[in-house]
Structures are given as structure tokens and as C-alpha cells.
Amino acid sequence: MADLHYDVVVVGGAAVGSSVAYHLAANPDFKGTMLVLEKDPTYQRCASALSAASIRQQYSTAINVEISLYGISFLRSIGERLEVDGDRPEIGLHEGGYLFLATPEGAPALKAGHEIQQKLGADIALLSPDELTATFPWLSVDGLTAGCYGRSGEGWFDGYGLMQAFRRKARSLGVAYEPVEAVDVIRDGSRVTGLVLADGRRISCGTVVNAAGAGGPALAKAAGIEIPVHNKKRMIFTFRCADKVERCPLVIDPTGIYWRPEGDGFICGLAPPDAEDPDSTDFEVDHSFFEERIWPFMAERVPAFERIRVGRAWAGHYDMNAFDHNAIVGPSPELKNFFFANGFSGHGLQQSPAIGRGLSELIVHGGFRTLDLSPLRFERMAENDPVKELKVV
């Protein structure tokens, strides 16, 4: 029996993969067939479901600012964009802002990033310590020189809801989804011609998009390509505070600790130092990490956090690009019909609208029509041309 054939197969059906599927299916110039392969249809352990689900424009590189400017525009109008049969998705977008804090050592980079953000139209305010105190009276400004606050266009939302809205809309446009893993890539010279599935089936295809998240490196390796993407565990802790901390944005302390409101409490986290950040596949939570590495420093910055009640905690994984902590987006130079959407390093949810749109343009038109995503090209690694993003959280 002949293999089933699809013009495009997207491997990975979470936020990025389903955004690619939606944007491609919605492109009036795309007339082909499409299949999305998702090995875990429950999505219980995907990054889209387990992350802090936030969006910001406070990056130090223009491409990341521009990606998120489109992202916030998309999220604001998600009800109209992803409506299916009169049902408009709700993702609870709350534009509470980010607040990046800086010591004297970090102030020059903060101010340089602010200039880029302002030039591109992001609504970010640069605040002095006195202005920080006036705006956020619960904040201790000891040791701080400045802060950057997103007055609009930044905040948090239901990441799982966004992913499901992309998926539902894509399916309504004729995209097929199958709950199975792609375990091997079939090549013919400089092209991919098909995939081998975990259940033994083979499917032929015209184009493959690798949006497999933590499984992205294995799929690339099956195609004969190495990508410097590693699975890193990140833990999120919840707590409630006895005292009011009003109008709290998502705060990024100079220590790297972050926290933001969530319901009637807060969530927080911290990336461990590189020496203590091995590749990981487990979902175990180390509660001592909060008690020893996060809470004491967080309570110094917000004295009200001295009196808290700790709640539940969970762990998820980032697909980290060890080269420069930015995504790899676009075709392989070896296999022109094998496209990457990998290594988002924690930014996948907020970048999914622009990445999906960009990849659909590449596949259909052979080039970008809206935002030029070429700074994220695969070749930059061989060219030693990193995207030098200083604001990695």
C-alpha cells in the first residue's frame, strides 16, 4: 500500500507547531494538505502548559522586540483571529507589565535596551529609584539605580488556552492532527521525503517543520543535523502574601529572580547557574531551591514577602539553545524542505504568533513577507553570528 502523503508535516502540536499550522492553513496562497504530529495529545508536560506564560517587549535585540510587538497585537485580537463557529477564545490577557530592575553594574545595558525598545515603539518607561518608590511603594530600592517598566503591551495570559485556540482553529481549517511520535526521517539526497512514525507507519511529505520542543534535537539528528538545543528544567513556585502588594507587575530582580501575581497569590522562579543546570528530563521539584535561593532575596526586595504561605510548585522544561539562547527558525542549509522552529529558550509562547506567520511565509512564498526573521537563521551558528540577547530570564 502506498504511503499517505501530506504537503506539509509539522512535528510538535503545542503553541509553536499549532501556530505554524494555523498561519499556514489561513494563508490564502497555501492549497496543500497538512498533518500535525503530537506525541502527547494531553499536553500535560509540554512547555506551553507548564511555563509562566508571559509576554514582554523588554529585550536588548531589535528582532526579539519586533517579534513580541506582533505577539501582543495578536493576543489582543485573539478572539477575532481564532474564532471558530462563533466561539471566541479567551486567554485572560492581563497587561500588568514587566519591571526590570538594575544595579549600577546593570544600568548601562538596561538603558541601551530601553533605547532600542523606544525606537521600535514599545511603551516602556525608564524609572529612577525615586520614581520606582512612587510607583511601587512596596518595593525596596536599596542598591538599585534604575528600572524599566512596561506601561502597556507586556503581561501574562493563559498559555494553555492560547495553544488550544491555535490547535482548534487549525483543525477547523482542515489541518489533521495525529497522536503519534515521529521517530525517523527519510532522506533522498538534499531533501526529506518522509517520516517514520512510532507505530511503524511511514508517511511521505513535501515539507517538514521541526517544532518538537524537547524532542527537536532528536528529530534533527534523525535527519543528520545537529542543533545545540538542550532540555533544561525550570521550577515555578507559588505563594500567598499576608500583606497587600498592589499593582505588582512581573518583576525581574538583578539576582535573576522573577515573580508576578497569579490569582490571589504569586508565582516565582529563578534559573540556576550554568554549573548547576544539567540537561534534564525529570519533573521533580526541589523545594529547598525556593527556601534557600529565592525567598530570602525576594523578601529583601519586597519586605511584605517576609510573611508568606507557600503553595504548590511544579517543574517544566525549556528547550535551550546553548549557542545564544535564541530560537532557530527557518530551513536547514542541507535539507531545504526541513524547517526549524527550535530552541526558544523559554520564549516560545510569546513568540509563537510571529514564528508561525514567518514560517508560513517561507514555506508558501520562499521568503519573509512581513517581519524578517533571518537573524534567527540556522546558519548563524556556523557563521559564529549570535543574536546577543542580554535579557534572558
Side-chain angles (χ1 to χ4, degrees), residues 12 14-16 40 42-56 58-59 64 68 98 100 154-160 162-163 211-217 227-239 249-263 265-298 310-328 341-352 389-393:
V16 173
D40 177 18
T42 70
Y43 294 98
Q44 290 181 346
R45 291 191 164 184
C46 71
S48 299
L50 297 173
S51 78
S54 52
I55 183 168
R56 58 180 164 115
Q58 291 192 61
Y59 288 96
N64 282 329
S68 279
Y98 268 66
F100 275 84
E154 298 188 318
W156 46 94
F157 56 93
D158 177 0
Y160 185 83
L162 172 64
M163 176 192 67
I227 56 174
V229 174
H230 300 266
N231 214 30
K232 301 294 185 180
K233 183 166 70 175
R234 294 291 180 265
M235 296 176 290
I236 295 179
F237 302 89
T238 69
F239 64 93
L250 195 160
V251 183
I252 311 293
D253 190 70
T255 58
I257 298 168
Y258 73 85
W259 63 88
R260 71 159 173 84
E262 175 75 3
F266 295 84
I267 66 172
C268 64
L270 170 68
D274 290 344
E276 301 173 29
D277 193 20
D279 289 10
S280 174
T281 57
D282 74 77
F283 291 82
E284 298 298 317
V285 174
D286 177 5
H287 292 275
S288 69
F289 190 79
F290 172 81
E291 296 162 2
E292 299 171 7
R293 303 286 189 92
I294 296 178
W295 183 30
F297 303 96
M298 195 168 60
V310 180
R312 73 186 189 97
W314 67 90
H317 295 98
Y318 283 169
D319 50 323
M320 299 290 291
N321 180 2
F323 178 68
D324 61 8
H325 288 187
N326 282 286
I328 305 167
N342 303 103
F344 285 90
S345 305
H347 307 144
L349 268 174
Q350 62 185 290
Q351 295 190 333
S352 61
E389 177 56 58
L390 303 179
K391 294 181 181 294
V392 177
V393 178

Q: Testing the basics here: between Ala341 and Val16, what is the closest heavy-atom pair and its distance to 0.1 Å?
A: CB-CG1, 3.8 Å

Q: Could you check if a side-chain atom of Pro261 sits within less than 4.5 angstrom of a side-chain atom of Trp156, using non-hydrogen atoms only?
A: yes

Q: If you count every heavy atom of other residues, nucleotides or ligands that lies below 6.0 Å from Glu276 atom CD, does the total exceed 12?
A: yes

Q: Is there a side-chain contact between Met235 and Phe237, using heavy atoms and a 4.5 Å cut-off?
A: yes

Q: Centre of Tyr59's six-membered ring, under 6.0 Å away, within 45 degrees of the axis: is that where NZ or CZ of Arg56 sits?
A: yes

Q: Looking only at heavy atoms, which two atoms of Ala313 and His287 are closest? And how far apart?
A: CB-CE1, 4.0 Å

Q: If we only count heavy atoms from C-beta on, is the Ser345 to Glu389 side-chain gap below 4.5 Å?
A: no

Q: Find out whether Pro228 and Ile328 are in side-chain contact, i.e. whether some heavy atom of one side chain is under 4.5 Å from a heavy atom of the other.
A: yes

Q: Specify the closest pair of heavy atoms between His317 and Ala47, including all atoms of both residues, with the distance to one decimal.
A: O-CB, 3.4 Å

Q: For Asp279, which residues count as a salt bridge (Lys or Arg N to Asp or Glu O under 4.0 Å) partner, sequence neighbours excluded?
A: Lys232

Q: Would you check if there is a donor-acceptor pair between the side chains of Asn64 and Asn326 at a distance under 3.5 Å?
A: yes

Q: Lys233 and side chain to side chain donor-acceptor pair (under 3.5 Å): which single residue from Asp286, Asp282, Asp277, Thr281 fits?
A: Asp282

Q: Would you say that Asn231 contacts Ser280 through its side chain, given a criterion of any heavy-atom pair below 4.5 Å between the two side chains?
A: no

Q: Write down the atom of Met163, the atom of Ser48, and the distance for their closest heavy-atom approach.
A: SD-CB, 3.8 Å

Q: Taking the side chain as every heavy atom from C-beta outward, state whether Leu270 and Phe289 have any atom pair closer than 4.5 Å.
A: yes

Q: Report yes or no: does Trp314 contribute a side-chain atom to a donor-acceptor pair with the main-chain N or O of Leu50 at less than 3.5 Å?
A: yes

Q: Measure from the side-chain N and O atoms of Glu154 to the backbone N and O of Gln58, and report whether any donor-acceptor pair falls under 3.5 Å.
A: yes

Q: Has Arg45 got a side-chain atom pairing as donor or acceptor with Phe283's backbone, closer than 3.5 angstrom?
A: no

Q: State, to 0.1 Å, how close Ser54 and Tyr98 come at their nearest heavy-atom pair, and which atoms those are.
A: OG-OH, 2.6 Å

Q: Supply the atom-to-atom distance His347 NE2 to Asp319 CG, rounded to the nearest 0.5 angstrom.
A: 11.0 Å

Q: For residues Phe239 and Cys268, determine if any side-chain heavy atom of one lies less than 4.5 Å from a side-chain heavy atom of the other.
A: yes

Q: Quick check: closest heavy atoms across Pro217 and Val229, and the distance to 0.1 Å?
A: CG-O, 3.3 Å

Q: Kindly compute the distance separating NE2 (His325) from CZ (Phe344), expressed to the nearest 0.5 Å.
A: 15.0 Å

Q: How about Thr238 and Phe290: do any of their side-chain heavy atoms sit closer than 4.5 Å?
A: no

Q: Roughly how far, to the nearest 0.5 Å, is CG of Leu250 from CH2 of Trp259?
A: 9.5 Å

